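The structure presented is a predicted model; accordingly, all values stated were derived computationally and were not measured. By convention in this document, chain letters (A, B, ...) are assigned in the order of the sequence lines, proteins followed by strands, and residues within each chain are numbered from 1. No hydrogens, no waters, no symmetry mates; every other heavy atom, side chains included, goes into these values.
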4 protein chains.
Amino acid sequence: MSTRNRAAPRKRPRQARAKATVEVILEAAAHVFVSSGYEGTTTKQVAERAGVSIGTLYQYFPSKEALVAMLLERLHQRVLSILSDKLVPHPITDLDQEVRDLMRTLVEAYGVNPRLQRVLLEQASRIGPLQVVQEIEARVETLVQGVLSRNLEFERPRDLGLVVFIIIRALRSAVWSTVVERPELIGTPEFVEELSALVLGYLRPRR
Amino acid sequence: MSTRNRAAPRKRPRQARAKATVEVILEAAAHVFVSSGYEGTTTKQVAERAGVSIGTLYQYFPSKEALVAMLLERLHQRVLSILSDKLVPHPITDLDQEVRDLMRTLVEAYGVNPRLQRVLLEQASRIGPLQVVQEIEARVETLVQGVLSRNLEFERPRDLGLVVFIIIRALRSAVWSTVVERPELIGTPEFVEELSALVLGYLRPRR
Amino acid sequence: MSTRNRAAPRKRPRQARAKATVEVILEAAAHVFVSSGYEGTTTKQVAERAGVSIGTLYQYFPSKEALVAMLLERLHQRVLSILSDKLVPHPITDLDQEVRDLMRTLVEAYGVNPRLQRVLLEQASRIGPLQVVQEIEARVETLVQGVLSRNLEFERPRDLGLVVFIIIRALRSAVWSTVVERPELIGTPEFVEELSALVLGYLRPRR
Amino acid sequence: MSTRNRAAPRKRPRQARAKATVEVILEAAAHVFVSSGYEGTTTKQVAERAGVSIGTLYQYFPSKEALVAMLLERLHQRVLSILSDKLVPHPITDLDQEVRDLMRTLVEAYGVNPRLQRVLLEQASRIGPLQVVQEIEARVETLVQGVLSRNLEFERPRDLGLVVFIIIRALRSAVWSTVVERPELIGTPEFVEELSALVLGYLRPRR
DNA sequence: GATGAATGAGGCTTCATTCAT
DNA sequence: AATGAATGAAGCCTCATTCAT
């Protein structure tokens, strides 16, 4: 319980000013985490960039980990909301297009501040499996698996769970690596096309 | 150069005893890095696990970074030797089998102590682009690209460099994630089959 | 500038408590430097003697050098204020008395915590030419040279700069050595008399 | 006894080779002490510069202090031999010339590797009053005092011990400072002339 | 005698966190 | 609520010295 609590926010801000303070701190934290990494980031730096005192920071976040936890929660909410918006069940007309849309959605989701995602997820595993993260990951997998199971049939028997597991990691890694190593490609149609090819080729039965 | 190269080993061991010491330190470092991560690892822990004094450690490695650099070098030598052994140019008979072999080789290479690979590569980028790493990555890409360019033809025009970039990240990530999250799958034929499907499907022109 | 200036104080204390802390740390540092020398002094010793934690020390002084730099600045301010107070230009009546007063002033200035002066000046040269020190030394030389040039005439041509250079070192050394080796003499009229004789004899043309 | 012994050489070298080794170590030590200061000097540096192993160094000198002690002894032997050679009692003809010779001798003595003298004497006081040093200093003072007492008469009563004390410090400091701050002046007739003026003026009764 | 590998106490410094104001 | 001064555990690293070979 004590461990779990370290990562929990200290108090929910009630007043408008307090809410603004929390926002500004989180923004600052995101910025510093991205540019300095988790260990390279000091709470003082975050406070300074946020323009608040270190004491104020600790009033809202009882530890450095709590910053990670909160950011992780937010980030995943954003990722999840993207997925939920786009993956509402609906009648399928064009299978190919369907799968392609799904992938585009995943790429879009992983493209939300990917450097921050990287830093945070790295910590997520160290902090101990944060419930938020696990939940989200599970939901993403479920969503994807749902779409696929409703729409695909394989010639040979395949473990759909494994397929989804692999797809997600492959896509995520491709997106993140590209952000870091070839940022100029992000957003080009060519890049999206290749990612789609990766996934569609994988899902489509081979001759 | 002397001041800057914190990552270079401090001295070449001359006596047999010293060589053994270096080995034992590196083994210890690998172990602790894997279990505690780079920042979570202290030089004292490494020395203790190696059964040597902290002074001895610093006699051979002038900094924590130097441990990473040395391990990185060794790891890559191993990875590269796997690749070189298997990817010797030779007459192609069965294209499908050929590509599948290539992928198996990559999986094998990324399966060499993957948790350590993860920790080290993460640091590699922070330490500054270590030559060893860049070289290796370049050579892997070149090798793969070579095999592919000799054996594949695409219906639509594709940027082969981008294709290889994506394949490598996708494969690597899939292997690493599996080691961490589903270790029981590593080595199963099913897993290898899926990875092959991922790559072959990607490379094969879609109908 | 930020990286290089290890000798600059880290932050200006705002609250009254902080100011008091800075004072107490500087006093402690002066004491320990005098009794143990620069290298013999550890920052921990200083913090302990000041009755603050080591962290507090580093909050205000980013390094051991910064302690030296600050003490040097203070010491020289004191020395300079003594000189400025006494060496205000004024009409000369008794030349002999005039020079004697000048010397008395120098002795008084070098007599301000001379053991500390020794330790600090030794470091000043190692730290790299601190501006404060150079400025002060230059001003002392200028002041002395000014008084002398307005009041002395030599039979043979002499390099007044060299004369001043020698006088200052000779006086300073005599004062400092006496503090260390014959402290009982400091302040006796006899001692002052001899120093005056040293300087006046030097300045007065020989027959 | 244990403290005293730290500074004593470990063994007298008997063989020629051993003697050469000791010499080469001492030369190296002198060099490194001068360029890096006492604390800045590591025994390993000394060994390396001497071209011997650290083990060999410790075979002849049981500690870093022992190096200082030995160098101090040698240096003072040299200083003392200069003084002894020149200050042999002899009939006085020209008083003025006599005193001037004495001063020249002192300057010459203090000019023998003055930077090393500075480093060593600094340590001498920290190591604890080394007998060698005290003896030498005493002998120098005695010698000088002897010459002066036989040849000078003052109008007013003066403490000759104090006079000598002051002269020696004044001269030494002037020489050493000049080496550090105005090396180009060392050896010029002008510089010697000023030092002589300093001393002669001091000794000669004022009108 | 020589070598250099090994030791470990101890130094400097950072930074997450607490708490008095 | 906010501030920022104070804390101190803990990390990295150096270097004088010992000792097995």
Side-chain angles (χ1 to χ4, degrees), chain A residues 6 11 13-15 17-18 21 39-48 52-67, chain B residues 6 10-11 13-22 39-47 51-65, chain C residues 6 11 13-22 39-47 51-65, chain D residues 6 11 13-15 17-18 21 39-48 52-65 67:
Chain A
R6 292 180 55 93
K11 63 185 183 190
R14 304 248 163 106
Q15 305 180 7
R17 179 169 51 137
T21 303
E39 299 285 350
T41 295
T42 70
T43 51
K44 210 178 154 223
Q45 275 173 69
V46 172
E48 264 162 17
V52 302
S53 73
I54 186 69
T56 298
L57 186 156
Y58 273 87
Q59 200 121 42
Y60 295 104
F61 300 92
S63 70
K64 205 171 145 184
E65 279 179 9
L67 289 169
Chain B
R6 295 173 47 88
R10 182 162 273 166
K11 72 179 187 190
R14 304 220 175 131
Q15 303 182 4
R17 182 170 49 140
K19 259 181 195 164
T21 301
V22 166
E39 299 286 350
T41 295
T42 72
T43 52
K44 209 179 155 215
Q45 277 173 69
V46 173
V52 302
S53 75
I54 187 67
T56 296
L57 188 156
Y58 275 91
Q59 194 129 50
Y60 297 103
F61 301 94
S63 70
K64 214 167 128 181
E65 279 180 11
Chain C
R6 295 173 49 86
K11 71 181 190 192
R14 306 225 172 128
Q15 303 181 5
R17 182 171 47 140
K19 260 182 197 164
T21 301
V22 166
E39 299 285 351
T41 295
T42 73
T43 52
K44 209 178 153 214
Q45 277 173 68
V46 172
V52 302
S53 74
I54 187 66
T56 297
L57 187 157
Y58 274 90
Q59 194 128 50
Y60 298 103
F61 301 94
S63 69
K64 219 168 125 179
E65 279 180 11
Chain D
R6 290 180 56 93
K11 63 185 180 189
R14 305 249 163 108
Q15 306 181 3
R17 176 167 55 137
T21 303
E39 300 284 350
T41 295
T42 70
T43 51
K44 210 178 154 222
Q45 276 173 69
V46 173
E48 264 162 16
V52 302
S53 74
I54 186 68
T56 299
L57 187 156
Y58 273 87
Q59 200 120 44
Y60 294 104
F61 300 93
S63 71
K64 206 170 143 183
E65 280 179 9
L67 289 169

What protein N or O atoms touch nucleotides 8-10 of chain E N or O atoms at under 3.5 angstrom, if any, and at what distances?
residue, atom, partner, partner atom, Å
dG8(E), N7, Gly55(B), N, 3.3

Is a donor on one side and an acceptor on the other found under 3.5 Å between the side chain of Glu48(D) and the backbone of Ile54(D)?
no

Atom P, compared across dT21(F) and dG1(E): separation rounded to whole Å:
22 Å

Apply side chain to side chain contact (heavy atoms under 4.5 Å, CB included) to Thr41(A) and list each qualifying residue two or more places apart in sequence or on a separate chain.
Val32(A), Phe33(A), Ser36(A), Val46(A)

Quickly, which of Thr43(A), Thr42(A), Leu57(A) forms a side-chain contact (heavy atoms from CB on, under 4.5 Å) with Lys64(A)? Name it, please.
Thr43(A)

Would you say Lys44(D) reaches dC15(F)'s phosphate, i.e. side-chain N/O to OP1/OP2 under 4.0 Å?
no

Pairs counted only when both distances fall under 3.5 Å, Watson-Crick or G-U: show me the 5' to 3' dot-bracket for DNA chain E, [ ] for pseudoknotted crossings and | for other-strand partners.
.||||||||||||||||||||

Under 4.0 Å: is that the gap between some side-chain N or O of Tyr60(D) and OP1 or OP2 of dA2(E)?
yes

Indicate the atoms forming the closest heavy-atom contact of Tyr60(A) with Ala18(A), along with that distance.
OH-CB, 3.3 Å

Partners meeting side chain to side chain donor-acceptor pair (under 3.5 Å) with Glu65(B) (sequence neighbours left out)
none

In whole angstroms, how far is the C1' atom of dT14(F) from the CG atom of Leu57(B)?
13 Å

Nearest-angstrom distance from the residue atom OH of Tyr58(C) to P of dA16(E):
18 Å

Whole-Å distance separating the NZ atom of Lys64(C) from the C1' atom of dT13(E)
12 Å

To the nearest Å, how far apart are Phe61(B) CZ and dA5(E) C1'?
14 Å

Out of curiosity, Gln59(B) CD to Thr21(B) OG1, how far, rounded to the nearest 0.5 Å?
9.5 Å

Let me know, please, whether Gly51(B) or Thr41(C) comes out on the 5' side of the other along DNA chain E by nearest nucleotide.
Gly51(B)

Toward the 5' end of DNA chain F, by each residue's nearest nucleotide, Val52(C) or Thr43(B)
Val52(C)

From NZ of Lys19(C) across to C1' of dT21(E) the rounded distance in Å is 17 Å

Using whole Å, what does the distance between atom C1' of nucleotide dA16(F) and atom CD of Gln59(B) come to?
12 Å

Under the side chain to side chain donor-acceptor pair (under 3.5 Å) test, which residues partner Thr56(B), sequence neighbours left out?
Ser53(B)

Given side chains that start at C-beta, do those of Val22(C) and Phe61(C) come closer than 4.5 Å, heavy atoms only?
yes

